[in-house]
Every structure is written in structure tokens, then in C-alpha cells.
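Report on the following structure.
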2 protein chains.
Amino acid sequence: MRDKNLRQAGLKVTLPRTNILKILEKAEPRHLTAEDVYQALLEQGEDVGVATVYRVLTQFETAGLVKRHYFEPGQAVFELDQGEHHDHLVCLNCGGVEEFFDETIERCQTEIAKKNNFQMTDHNLTIYGLCQRCV
Amino acid sequence: MRDKNLRQAGLKVTLPRTNILKILEKAEPRHLTAEDVYQALLEQGEDVGVATVYRVLTQFETAGLVKRHYFEPGQAVFELDQGEHHDHLVCLNCGGVEEFFDETIERCQTEIAKKNNFQMTDHNLTIYGLCQRCV
DNA sequence: GTCCGTGCAAAGGATTTGCATAATC
DNA sequence: GATTATGCAAATCCTTTGCACGGAC
């Protein structure tokens with residue numbers, strides 16, 4: 001069924017793609033950098049290049065399987081897109097990411113877009129700070 | 001009084017700093033990349049290096065004179081920080097940026113941080129889409 | 001005069017690209 | 001078997017750093 005996801009996305013089923021999808025599914029925390037994914041592949045003994053990791057992640061993003069975030073400068077993080085939108089709390093100390101969803105905020109955003117004659121395609125709310133453990 | 005801003009920020013008053021501050025003040029749109037600032041300096045005949053632009057912008061950010069955003073991958077944009085917090089609407093076609101402020105959203109964010117035992121230091125809401133002209 | 005700031009060029013890190021080989025359908 | 005994906009290495013882009021010179025106080 002991992003393969004089905006790939007095929008539905010119009011992508012050929014290949015070893016790197018299946019592997020990367022598997023890694024993203026199992027990931028804990030769910031947010032990984034391209035480098036994280038690459039390292040995970042190496043650890044399981046795969047013979048893969050960084051270029052492929054980036055290519056595959058970009059294809060996944062285009063296909064809507066994955067979301068890419070730029071929480072902090074320097075590098076993007078990727079997470080599996082499981083359909084339900086959510087926003088993020090990012091700890092500036094440990095880099096940890098938590099997710100949340102708030103109905104009111106979502107509604108406000110839609111209204112603001114409308115008020116500004118903006119055709120919203122995406123939106124991104126990130127709260128930065130210190131998590132419980134890092135205070 | 002531009003100089004006063006600099007001195008208050010604990011920065012020596014130098015030509016590049018004054019010039020960059022001036023450019024940010026006059027900027028329209030208010031959001032510039034480092035490259036934009038650099039080009040603006042060259043156009044007014046300044047003999048300056050990119051490195052200085054980055055250094056100065058970073059110092060300004062540290063001093064709280066400027067805010068840095070990562071709306072899109074690849075490069076940061078800078079805007080003068082005039083104290084009042086606001087969020088952004090970013091057009092994915094023309095790159096244009098509009099600003100807005102919503103009391104309700106601000107309140108919700110504070111609550112969410114509290115609910116998650118998060119000590120919020122900053123927050124960032126960006127709505128992506130197509131602006132009026134680009135639809 | 002001392003110290004900090006600057007310009008230049010080179011380094012750095014994340015990401016992308018070109019190309020020959022290898023895998024999928 | 002034809003086409004698309006991959007690995008490798010080199011290239012690219014934005015940003016930072018090292019160092020000797022120049023300017024601010």
C-alpha cells in the first residue's frame with residue numbers, strides 16, 4: 001500500500017522511493033531534514049546519494065505526499081502529509097517540534113485572505129519559543 | 001535621529017550602517033533581500049561589499065532594528081522593525097508582501113502556547129497565495 | 001592612537017544539475 | 001527494450017569568515 005501511494009502519485013515504484021517513504025512514516029519526531037533522511041538510509045545499509053534524497057523529497061512534495069517547512073534558516077524539514085492541516089510549535093533550544101490545530105485561527109485566516117482579496121493556497125503558523133523541557 | 005537609533009543600539013555610526021538604515025526606511029515595498037539592499041547601495045554609488053550588507057543586517061536584527069523573514073526558500077527578506085507586530089500575506093506569483101494584524105489570532109496564539117507549556121518568544125504567521133493582481 | 005568596521009576574496013553549507021549507468025514496467 | 005530513476009561529482013546559490021587596511025571616537 002506504500003507502493004499504491006507512490007503509483008497514485010504518478011511515480012514509479014523504486015527502492016529509494018519506497019525506503020524514503022518508509023522512513024518518513026516511521027519517523028519520530030515526524031520532522032526530518034534531508035540530511036536526517038539520508039543518514040537513516042545509510043544506517044539501514046542503503047546505497048544512496050544525497051541528490052536522490054532531495055529529488056525524491058521534492059517529488060513527494062509535488063505529489064502532495066510530503067510537506068516542506070522552513071522553520072529555521074539553513075535547512076528545510078520534511079514531514080509526511082497526512083491530509084489534516086496543522087501548525088507548529090518550534091523549540092529554539094532543542095529544535096523539537098510539536099503540532100497543534102486551532103479552529104478559530106483557521107477561520108480568521110480565511111477571513112483575512114478574503115478581506116485582502118487574496119486567493120490563499122497555503123498558510124503557515126509557527127510559534128517559536130522554549131518547550132517545557134528547555135525552559 | 002537615524003544616528004541616534006544606531007547609537008542606542010550600541011553601534012558605531014558608520015557610512016554603510018547609515019546608508020542601509022536609510023534604504024530600509026525608504027523601501028517600498030518594505031521587504032528587501034540582502035541582494036536588494038546591496039543593489040540599492042551600488043545604485044547610489046556606494047562602494048560596499050556584500051559581506052558588509054549581511055553583517056550590518058545581522059547586527060540590526062540583533063539590535064532589534066530589523067526583522068528577518070524566511071518566506072521562501074533560498075533567501076531571507078528584511079524589513080524595518082517599527083515595533084508593532086504584524087503578519088504577512090505573500091504572493092507566490094509576484095513575490096509581493098502585504099501586512100496584517102489580527103487581534104483574535106494573537107490571542108489564540110498566546111493561549112495555545114500556554115496550553116502546551118511553551119514559553120513563546122516569537123511567532124510567525126504567513127498566508128501564501130495569489131494577490132489581487134496575480135489571480 | 002586604539003579599536004572596531006569594512007572590502008575583498010575565499011570558504012561554507014544546503015540544494016541542484018549533468019551525465020553515464022542501472023533499474024522499472 | 002524503452003524510458004525513467006539513480007549515483008556520483010561538480011556546480012550553484014545564499015551567506016559567512018579571515019585578514020589586512022581604513023575610518024570612527
Side-chain angles (χ1 to χ4, degrees), chain A residues 2-23 31-63 65-78 95, chain B residues 2-23 31-63 65-78 95:
Chain A
R2 211 135 33 209
D3 294 1
K4 208 181 66 188
N5 286 344
L6 288 174
R7 256 187 281 268
Q8 280 176 353
L11 297 169
K12 252 184 215 175
V13 177
T14 64
L15 208 51
R17 287 182 185 154
T18 318
N19 281 327
I20 291 176
L21 199 49
K22 213 182 300 179
I23 285 167
H31 301 77
L32 302 179
T33 63
E35 187 63 26
D36 290 338
V37 174
Y38 178 58
Q39 290 304 330
L41 286 168
L42 291 188
E43 271 169 32
Q44 44 178 77
E46 303 296 335
D47 181 21
V48 75
V50 213
T52 302
V53 174
Y54 278 102
R55 266 186 296 234
V56 169
L57 287 172
T58 304
Q59 291 158 349
F60 283 5
E61 189 189 15
T62 307
L65 293 173
V66 151
K67 274 206 170 290
R68 186 192 304 234
H69 301 284
Y70 300 94
F71 294 143
E72 305 192 59
Q75 61 185 4
V77 298
F78 300 83
Chain B
R2 210 132 38 206
D3 293 1
K4 208 183 67 187
N5 286 344
L6 288 174
R7 257 187 281 269
Q8 281 177 354
L11 297 169
K12 250 184 217 174
V13 177
T14 66
L15 208 51
R17 288 182 185 155
T18 319
N19 281 328
I20 291 176
L21 199 49
K22 214 182 300 179
I23 285 169
H31 300 79
L32 301 178
T33 63
E35 187 63 25
D36 291 337
V37 174
Y38 178 59
Q39 289 304 329
L41 286 168
L42 291 187
E43 272 167 33
Q44 44 179 77
E46 302 296 335
D47 181 21
V48 74
V50 213
T52 303
V53 175
Y54 278 101
R55 266 186 296 235
V56 170
L57 287 172
T58 304
Q59 290 158 350
F60 283 5
E61 189 190 14
T62 307
L65 294 173
V66 150
K67 273 205 171 290
R68 187 193 302 237
H69 302 283
Y70 300 94
F71 293 143
E72 306 193 59
Q75 60 185 7
V77 298
F78 300 82

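Here the structure is a predicted model, which means the values were calculated and not measured. Order of the sequence lines fixes the chain letters, A, B, ..., with proteins taken first and strands second; residue numbering starts at 1 for each chain.
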Distance, rounded to the nearest Å, where [X] contributes [atom1] and [N] contributes [atom2]:
X      : N       : atom1 : atom2 : value
R7(B)  : dA24(D) : CZ    : C1'   : 10 Å
Y38(A) : dA14(C) : OH    : P     : 13 Å
R17(B) : dG23(D) : CZ    : C1'   : 12 Å
L15(B) : dC4(C)  : CG    : C1'   : 16 Å
L41(A) : dT6(D)  : CG    : P     : 11 Å
E72(A) : dT15(D) : CD    : C1'   : 16 Å
Q59(B) : dG5(C)  : CD    : P     : 7 Å
L57(A) : dT6(D)  : CG    : P     : 11 Å

Query raised in the report: Does a side chain donor of either Q39(B) or E35(B) reach within less than 3.5 Å of an acceptor in the other side chain?
Result: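 Note: Q39(B) and E35(B) side chains meet the donor-acceptor criterion.
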
Working to the nearest 0.5 Å, report the span between [atom1] of [X] and [atom2] of [Y].
X      : Y      : atom1 : atom2 : answer
Q59(A) : I20(A) : CD    : CD1   : 9.0 Å
L15(B) : T52(B) : CG    : OG1   : 11.0 Å
L6(B)  : L65(B) : CG    : CG    : 7.0 Å
R17(A) : R55(A) : CZ    : CZ    : 10.0 Å
L41(A) : N19(A) : CG    : CG    : 6.0 Å

**Report entry** Overall bend - the helix from dG1(C)-dC25(D) to dC25(C)-dG1(D), comparing terminal axes fitted on five pairs, nearest 10 degrees
**Finding:**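 Here the helix ends are tilted 30° relative to one another.
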
Requested in this report: List the steps, then state whether side-chain contact (heavy atoms from CB on, under 4.5 Å) holds for F78(B) with D36(B).
Outcome: CA-CA 10 Å; F78(B) 300 82; D36(B) 291 337; over 6 Å; no

**Report entry** Shortest side-chain distance from T14(B), nucleotide among dT4(D), dG5(C), dT6(D)
**Finding:**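 Of dT4(D), dG5(C), dT6(D), dG5(C) is nearest to the side chain of T14(B).
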
Query raised in the report: Which one, dT6(D), dG23(D), dG7(C), comes nearest to the side chain of K12(B)?
Result: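 Comparing dT6(D), dG23(D), dG7(C) against the side chain of K12(B), the answer is dG23(D).
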
Query raised in the report: Between R68(B) and A76(B), is there a donor-acceptor pair closer than 3.5 Å when you use the side chain of the first and the backbone of the second?
Result: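 A pair under 3.5 Å: no.
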
Distances for protein N or O near nucleotides 15-20 of chain C N or O, under 3.5 Å:
| unit_1 | atom_1 | unit_2 | atom_2 | d |
| --- | --- | --- | --- | --- |
| dT15(C) | OP1 | A76(A) | N | 3.0 |
| dT15(C) | OP2 | Y54(A) | OH | 2.3 |
| dT15(C) | O5' | Y54(A) | OH | 3.3 |
| dG18(C) | O6 | R55(A) | NH1 | 3.4 |

**Report entry** Minimum-distance pair of heavy atoms, taken over all atoms of V50(A) and Y38(A)
**Finding:**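 What the structure gives for the nearest pair is N-CE1, 3.7 Å.
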
Report task. Scan P73(A) against the nucleic acid and name what it touches under 4.0 Å (heavy atoms): base, sugar-phosphate only, or nothing. Result ->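 Counting heavy atoms under 4.0 Å across all strands, no contact is made by P73(A).
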
